Amino acid sequence: MVKDLRDFDRQDMEDLIAELREPKYRSNQLFQWVHKHGAELVDEMTNLPLSLRSKIRERADIFHPKVLEKLTSKKDNTIKMLLEFSDGETVESVIMPNEAKKRCTVCVSTQVGCPVGCPFCASGSSGFIRNLRTGEIVSQVLIAKSMEKDETWKVTNVVFMGMGEPLLNYDAVLKSVRILNDPLGLNIGQRKITISTAGYVPGILKLAEEKLQVVLAVSLHSVENEVRDFLVPLNKKYPLEELAWALKEYSKKSGRRITFEYSLIEGLNDTIECAEKLAAFVSQFKANVNIIPLNPVDEFGFKRSSSSKIQNFAAVLRNKGVETSVREERGLDIEGACGQLRLRYLQ
Ligand code: SAH
Ligand code: SF4
């Protein structure tokens, strides 16, 4: 079966070139074509001899996803895309340029659907279909790269916060992190890469052993097991006590601080008492909190807390010495909540 060159890291490229009995330096050229220049065809690789290109094509090719939809926010230039892979499955990815700072964050999906099934999230609402391959994850960043506007912004950050639970697709996610970080590729700094998890404990413990500098973000949403069981059903398997223990292990081993994400939902997790309990929980760690105002999906019936409630909630955390940010809302005019665009497409 023909393989996807975007699945290949440097070692895989070396193995392929060795198998073809070609000089080793060709593997770096191949890697750069695929992961730095984002070639969509092997025939674009003009500094590789024709004979080598055809030998490569017998074994591997480039699987470039199709952009089914591309919506650009008039308010903040956020670009939301629906991508289709060769088997017809679709995912979303979001490009968030910051022209003032000349930066750009790409939000990538890691699974088609999501097995966790948080009730406020559009990604999990149609169930879980399959994991993405490394190449399918990397492709999302390469597509963003191809949209770079020279003077205005460049892809600088990648967040694994699209559809799916990254730590349930561990190997493909870690391989894509290493490819994106490779100096011969896009060379995205590890500290500019964030992996967000709903709290899959075995994945957190495994990540602790990797000696990576990536940012780990944990979707908390409540520090009471009863409420969290409902909001993040994975909590039934890995309750807060176990999650806290795993995060302490992670902190000890990685030396990295943790980001907690907390989506504020009216009447569910947004009282002053909730904020006080959250502050106490977070104080066990070297951590900061990112409050996400809920992006309501009409069918689900959850509401976003009012802005004054959001500000009061953040103030309680800050008063207790917890570093807190409130996420800037982006792309609200283009199906803001992740998974919404695909959901509409599936209907
Ligand atoms: N599965 C991972 C990563 C993807 S979701 C995780 O859950 O962490 C990224 C973040 O967006 C999570 O914190 C998730 O809870 C949050 N989220 C999902 N749907 C949302 C919505 N409609 N409004 C606000 N935040 C949402
Ligand atoms: Fe999955 Fe994350 Fe959505 Fe929960 S919030 S259903 S874990 S993608």
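By convention here, the first residue in the shown sequence is residue 1. Counting convention: from 1, in listed order, for ligands and their atoms alike. Predicted, not measured: the structure shown is a model, and the values here were computed from it.
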Practice prompt. Could you list which atoms of ligand 1 come closer than 4.0 Å to a heavy atom of M161?
Written response: 4 (C), 5 (S), 9 (C)
Worksheet item: When the ring planes of F281 and F285 are compared, do they come out parallel, tilted or perpendicular, using 30° and 60° as the limits?
Response: tilted
Item to complete: Using a strict cut-off of 4.0 Å, indicate which atoms of ligand 1 neighbour a heavy atom of T197.
Response: 6 (C), 8 (O)
Fill in: Where ligand 1 meets F120 - atom numbers and elements under 4.0 angstrom, heavy-atom basis
15 (O), 17 (N), 18 (C), 19 (N), 20 (C), 22 (N), 26 (C)
Worksheet item: Has H221 got any heavy atom lying under 4.0 angstrom from an atom of ligand 1?
Response: yes
Worksheet entry | Under 4.0 Å to a heavy atom of G162 - the qualifying atoms of ligand 1, by number | 4 (C)
Worksheet item: Regarding N131 and Q111, is there a side-chain donor-to-acceptor distance under 3.5 Å anywhere?
Response: yes
Worksheet item: Which ligand 1 atoms are under 4.0 Å away from a heavy-atom of A198?
Response: 6 (C), 7 (O), 8 (O)
Worksheet item: Short list, please: which atoms of ligand 1 are under 4.0 Å from a heavy atom of G164?
Response: 1 (N), 2 (C), 3 (C), 4 (C)
Practice prompt. Mark up the atoms of ligand 1 that fall under 4.0 Å of a heavy atom belonging to S219, in ascending order.
Written response: 6 (C), 7 (O), 8 (O), 12 (C), 13 (O)
Worksheet item: Is R327 in polar range of ligand 1, meaning some N or O pair under 3.5 Å apart?
Response: no
Fill in: R178 with E210: basic N within carboxylate O range, under 4.0 Å
yes
Practice prompt. Let me know which of N312, D270, N269 forms a side chain to side chain donor-acceptor pair (under 3.5 Å) with S305.
Written response: D270
Worksheet item: If you measure from each non-hydrogen atom of E165 to ligand 1, which part falls under 4.0 Å: side chain, backbone, both or neither?
Response: both
Practice prompt. Look at the side-chain heavy atoms of Ile, Leu, Val, Met, Phe, Trp and Tyr, link any pair under 4.5 Å apart, and say whether V297 and I292 land in one connected group.
Written response: no
Discussion item. If the test is side chain to side chain contact (heavy atoms under 4.5 Å, CB included), which one of N157, V158, V159 qualifies with C107?
Written reply: V159
Fill in: Joint cluster assignment, V108 & F63, ILVMFWY side-chain distance < 4.5 Å
no
Worksheet item: Can you check whether V322's main-chain N or O pairs, donor with acceptor, with T324's side chain at less than 3.5 Å?
Response: yes
Discussion item. If I apply the N/O under 3.5 Å rule, does V297 come out as touching ligand 1?
Written reply: no
Worksheet item: Are E266 and K309 ion-paired here, with the side-chain N under 4.0 Å from a carboxylate O?
Response: no
Worksheet item: Between Y170 and K206, is there a cation-pi geometry (under 6.0 Å to ring centre, at most 45° from the normal)?
Response: yes
Worksheet, complete the sentence: Restricting to heavy atoms, the pick from I265, N295, L234 nearest atom 21 (C) of ligand 1 would be N295
Worksheet entry | Proximal atoms of ligand 1 relative to C121 (non-hydrogen, under 4.0 Å) | 18 (C), 19 (N)
Worksheet item: Can we say E209 and K253 salt-bridge, meaning some charged N sits less than 4.0 Å from an Asp/Glu carboxylate O?
Response: yes
Practice prompt. May I ask you to say whether K277 pairs ionically with E273, meaning some side-chain N is under 4.0 Å from a carboxylate O?
Written response: yes
Worksheet item: Which protein N, O or S atoms does atom 1 (Fe) of ligand 2 have within a distance shorter than 2.8 Å?
Response: C114 SG
